Amino acid sequence: MIETLFAELDRLGLYSRGRFGAWKYEVSNQDHSLMQGVEWANRIRLGESETTVFFPNVVNAKPSR
Ligand SMILES: Cc1cc2nc3c(=O)[nH]c(=O)nc-3n(C[C@H](O)[C@H](O)[C@H](O)COP(=O)(O)OP(=O)(O)OC[C@H]3O[C@@H](n4cnc5c(N)ncnc54)[C@H](O)[C@@H]3O)c2cc1C
């Protein structure tokens, strides 16, 4: 659902990220919020894809031993 809103906001040049911007409990800690900003900047500047806001399961996965 929120991804639908992101797409619409993107179209308007609005990038909603962070604790209340992305509204995703599982990626709302400080580290998550900071990385959402970093990844957004890298997307805009370098064309990289954003991981934290769109793939919480990936960034929250425990490292394999
Ligand atoms: C009690 C508590 C404990 C926490 N403990 C931890 C912890 O131990 N570890 C951890 O990682 N995270 C913790 N968090 C979460 C952490 O605070 C957030 O992850 C982080 O602050 C999110 O950053 P943000 O920039 O997305 O949002 P925020 O830090 O909320 O920043 C948003 C800013 O936008 C401003 N703003 C809002 N509306 C407007 C407007 N209309 N115009 C202009 N400015 C506006 C606000 O004043 C605020 O300064 C805690 C949160 C709370 C509430």
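Just so you know, ligand 1 is whichever comes first in the structure, and atom 1 is the first atom listed for that ligand. Because the structure is predicted, anything quoted here is derived from the model rather than measured.
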Taking [Y]'s backbone N and O only, do any of them form a donor-acceptor pair with [X]'s side chain (distance below 3.5 Å, no angle check)?
{"X": "Gln36", "Y": "Val53", "value": "no"}
{"X": "Asn60", "Y": "Glu26", "value": "yes"}
{"X": "Ser16", "Y": "Gly21", "value": "yes"}

For this session: Indicate the atoms forming the closest heavy-atom contact of Arg17 with Asp10, along with that distance.
Result: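 Looking at all heavy atoms of both residues, the shortest contact is NH2-OD1, 4.3 Å.
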Exercise. At their closest point, which heavy atom of Ile2 faces which heavy atom of Lys24, and how far apart are they?
Worked result: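 For Ile2 and Lys24, the tightest heavy-atom pair comes out as CG2-CE, 3.5 Å.
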For this session: Share the residues that join Leu12 in a hydrophobic cluster, the rule being Ile, Leu, Val, Met, Phe, Trp or Tyr side chains under 4.5 Å apart at the heavy-atom level.
Result: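 When side chains under 4.5 Å apart are linked, the cluster holding Leu12 also contains Leu9, Leu14.
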Between ligand 1 and the protein, tabulate every N or O atom pair separated by less than 3.5 Å, reporting distance only.
residue, atom, partner, partner atom, Å
ligand 1, 11 (O), Gln30, N, 2.8
ligand 1, 12 (N), Gln30, N, 3.4
ligand 1, 19 (O), Ser28, O, 2.4
ligand 1, 19 (O), Asn29, O, 3.2
ligand 1, 19 (O), Gln30, N, 3.1
ligand 1, 26 (O), Arg19, N, 2.8
ligand 1, 30 (O), Arg19, NH2, 3.1

